[in-house]
Amino acid sequence: MNERCFVRQVAERAYCDERRAETLIFAVFQELRDRLTTKEAADVAAQLPLSLKMLWMSFDRPDRKVRRLHEGQFLREVARMAGLDDEGEAEEAVTAVFGVLQEALGSPTGKEGEAWHVLSQLPTDLKRLWLCAAMEV
């Protein structure tokens, strides 16, 4: 999946234009990446097209510690970074990006291959969002 296709699919799922979708992708990528180990984040990046890989890895540091955010705080951070009004809008954005990311990772259910590795590192409440995103197709 190329970057334009990824952005277009997020825009369709989030009911927004592509410029807004890019902002949502950036916010969700940053928060999700910081929830993963650096090795797992690098494994996800390796499966993304170059421009999305750069977005995924922006502001990452090799000495970064895993942020143990649960759903509420994760959604608040996405809302803050993306300029969304509330956690409800953030949940819609997260679900849209998670779903398209799962497709990019070759996982129709969010449970195969690299997507499984991401799922395994999420707390239970974020696992729910990750798995719901697969059902939103």
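Just so it is clear, the values below take in all heavy atoms, side chains as well, and ignore hydrogens, waters and symmetry mates.
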Heavy-atom pair with the smallest gap, counting every atom of D86 and A79: O-CB, 4.0 Å
Whether W56 side chain and A41 backbone form a donor-acceptor pair below 3.5 Å: yes
Common cluster, V66/V28, ILVMFWY with side-chain heavy-atom separation under 4.5 Å: no
Side-chain touch I25/V100, heavy atoms, less than 4.5 angstrom: no
Check: R67 and Q73 side chains under 4.5 Å, non-hydrogen atoms: yes
R68 and R35, any side-chain heavy atoms less than 4.5 Å apart: yes
Verdict with supporting geometry, F29 and F98, ring pair (Phe, Tyr, Trp, His ring centres under 6.0 Å): CA-CA 9 Å; F29 272 16; F98 277 5; 9.6 Å; no
Q30 side chain reached by E77 side chain, heavy atoms, under 4.5 Å: no
Step-by-step side chain to side chain contact (heavy atoms under 4.5 Å, CB included) determination, Q121 to H117: CA-CA 7 Å; Q121 292 194 10; H117 295 280; 5.9 Å; no
Sub-4.5 Å side-chain heavy-atom contact between L122 and F74: no
Side chain proximity check, L84 to L24, heavy atoms < 4.5 angstrom: yes
Between CZ on residue R76 and CG on residue L69, distance to nearest 0.5 Å: 9.0 Å
L36 and R33, any side-chain heavy atoms less than 4.5 Å apart: no
In one Ile/Leu/Val/Met/Phe/Trp/Tyr side-chain cluster, 4.5 Å: V10, M54: no
E22 side chain near E18 side chain, heavy-atom distance below 4.5 Å: no
Connected via hydrophobic side-chain network under 4.5 Å: W116 and L48: yes
Side chain to side chain contact (heavy atoms under 4.5 Å, CB included) between L131 and T109, intermediate numbers included: CA-CA 7 Å; L131 294 173; T109 68; over 6 Å; no
Spacing of OG1 belonging to T124 relative to NZ belonging to K127, to within rounding of 0.5 Å: 5.5 Å
Test: R128 and E91 ion pair at under 4.0 Å: yes
